[in-house]
There are 2 protein chains.
Amino acid sequence: MADSLAERLLAGDKRALARGISLVEDDDPEGWALVKEVYPRTGKAAVVGFTGPPGAGKSTLIGALIRHQRALDRQVAVLSIDPSSPFRGGALLGDRIRLSEHFLDPGVFIRSMATRGALGGLAEAALQTALLMDAAGKDDVFLETVGVGQAEVDVIDHADSVVLVLIPGSGDSIQALKAGVMEIPDVIVVNKADHPLTDTMVREIRGVLSLAPQHGWRVPIVKTEAARGEGVEELAAKLAEHRAYVEAEGTLSERRRRNLLSEVLGIATMRMRRALEASLEQDPEIQELLDEVVARRLDPSSAATAVLARSESAHNP
Amino acid sequence: MADSLAERLLAGDKRALARGISLVEDDDPEGWALVKEVYPRTGKAAVVGFTGPPGAGKSTLIGALIRHQRALDRQVAVLSIDPSSPFRGGALLGDRIRLSEHFLDPGVFIRSMATRGALGGLAEAALQTALLMDAAGKDDVFLETVGVGQAEVDVIDHADSVVLVLIPGSGDSIQALKAGVMEIPDVIVVNKADHPLTDTMVREIRGVLSLAPQHGWRVPIVKTEAARGEGVEELAAKLAEHRAYVEAEGTLSERRRRNLLSEVLGIATMRMRRALEASLEQDPEIQELLDEVVARRLDPSSAATAVLARSESAHNP
């Protein structure tokens, strides 16, 4: 008798993990059942989120960090949230290639997930995936996103530590931090630190951080040249420090509690929205309602009320 | 007998419009009723969305554009979506002040709305507000957001034309456009065009646009110095051109149809989520469920199923 998917995943089988993630990504009931089965074995991995504008070198940095963690014999998994693009240049594909040196290492698991196709359920699929990676015995789970879009913010929010990766020239991100539009991360990296404007950038970031309310943890700024591995050891050290800090303060469990609550709410909202969309598509009366809205005879709010009423009656057998 | 709020709003009464927007912002049933009453009188205004990183000078540009439109005797309304910030510097407040020269002009109506407080309903409140401005007889409705966060993207999506405002140094935005993370707008402005790197910036944008699929409309790049009014006439001309183009192509009604559909869906989803959150807060059994999730005894998906079941039974009297 063959071992079940869950048993193989818990034993660290790479193919079982890959299969499980595909099930979760496809919103297959078997995927949810798998997460349910392995869930009691989660909560051990250090989950680190990496965010920052495209082109900042996040993948190269993660590649270098993987090398560092592997030297310490830690098992690593990476989930890259890949922005779906109507016209993709080579940039993001190139990023994938930068991680390829680790593809053959059995202690490293790399997966990417497209924002398109997940249909509003991206954050949920990503978080279920992180749980599966955790259950499969990975010591480090790295989540990579570009910091745009609510779904991606939701993903990053679920990390124990958040790293913002910038480069000299990331003026828009600095402005967003300054204006409070972007949240202050736990660690800031200035990558491509061989650029002559690096120190100007570091000064600007210091200026922004000095305006932020202090919550005990002082956000470190780490200069890296990820392509040459420079500064990566310091980054690893700062991440370990941050983790020790949140564990000691009890904020780790607080943070995880808040994140799990929002995950439950997120899954529930996603399911409600899907049920609603399905009922919209199939129901000719709903289509007529929408025609009335377009003709300005029925207002959107009244249409929403009617849509909800019909959807509810359709779902209460 | 006094005129009703709707009658006064339709007659262009500024105080009635302000009152109506407050009702919508507070999610007051009277606000929804008001929109319902005036909805048949909407659809006439040209709705233009302005997005771009903080500090790009959007408010100054809008101020200059208002002056231009007022000289043509057009009535203008502005809705600024104000990112809620845990530590706000002077930057955004300064932006508000830049519009202050228009505060006393009866042909100009300016309002800002905070992202925080709208509790997930920001996009809906903003769109209802735009409808009220339209019904009050405004010829131009300008929506201003920083281009971060799904709610803000949703707001901008509802404009007939979208203007992306950049400045020399907006490297992150260029990268986001290039990677397809940010959607291509209808008009791109390079503001603060007295900066020596302006032409480099324009060349970079041209490079990105040349990679984008062409859909008939060629995205113009307009150089402005909003603080001195330079380039504003050209911007107004390009906006008029874009509007004529979408009207001629029939894409305006297509765009509005799509936007109205997503608004109906958005309002419905918001209501479902609110009902769910309300049931979470009050129900001790739900709180116990969540404790089980935190203790890793119950997985988030099963918890969501249980939450939905309880919420449904609570809402079907």
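All of these numbers come straight from a predicted model, not from anything done at the bench. Order of the sequence lines fixes the chain letters, A, B, ..., with proteins taken first and strands second; residue numbering starts at 1 for each chain.
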A:Ile267 CD1 to B:Leu308 CG distance, which is reported to the nearest 0.5 Å: 10.0 Å
Non-hydrogen side-chain atoms of A:Asp291 and B:Arg257 separated by less than 4.5 Å: yes
Between CE on residue A:Met272 and CG on residue B:Leu276, distance to nearest 0.5 Å: 4.5 Å
Greatest number of heavy atom pairs closer than 4.5 Å to chain B - which of A:Val293, A:Leu131, A:Leu298: A:Val293
A:Leu260 side chain near B:Leu290 side chain, heavy-atom distance below 4.5 Å: no
B:Arg41 versus chain A, the contacting section by heavy-atom distance below 4.5 Å: neither
Top contributor to chain A contacts, counting heavy-atom pairs under 4.5 Å, from B:Gly171, B:Pro300, B:Ala268: B:Pro300
Toward chain A, the part of B:Ser253 with a non-hydrogen atom under 4.5 Å: neither
Reported CG-to-CD distance for the pair B:Leu265 and A:Glu277, which is rounded to 0.5 angstrom: 5.0 Å
Distance in Å, B:Asp299 CG paired with A:Leu34 CG, rounded so as to fall on 0.5 Å steps: 10.5 Å
Under 4.5 Å from any heavy atom of chain A - which part of B:Ser302: side chain
Top contributor to chain A interface from B:Glu263, B:Gln128, B:Glu183 [non-hydrogen pairs under 4.5 Å]: B:Glu263
Distance, nearest 0.5 Å, that separates CG of B:Asp172 from CD of A:Gln175: 10.5 Å
Validation row: B:Arg296, A:Thr42 side chains within 4.5 angstrom (heavy atoms): yes
Heavy-atom pair count under 4.5 Å with chain B, highest-scoring of A:Thr305, A:Leu127, A:Val307, A:Val35: A:Thr305
Max heavy-atom pair count under 4.5 Å with chain B, selected residue of A:Ala303, A:Ala295, A:Ser173, A:Gly266: A:Ser173
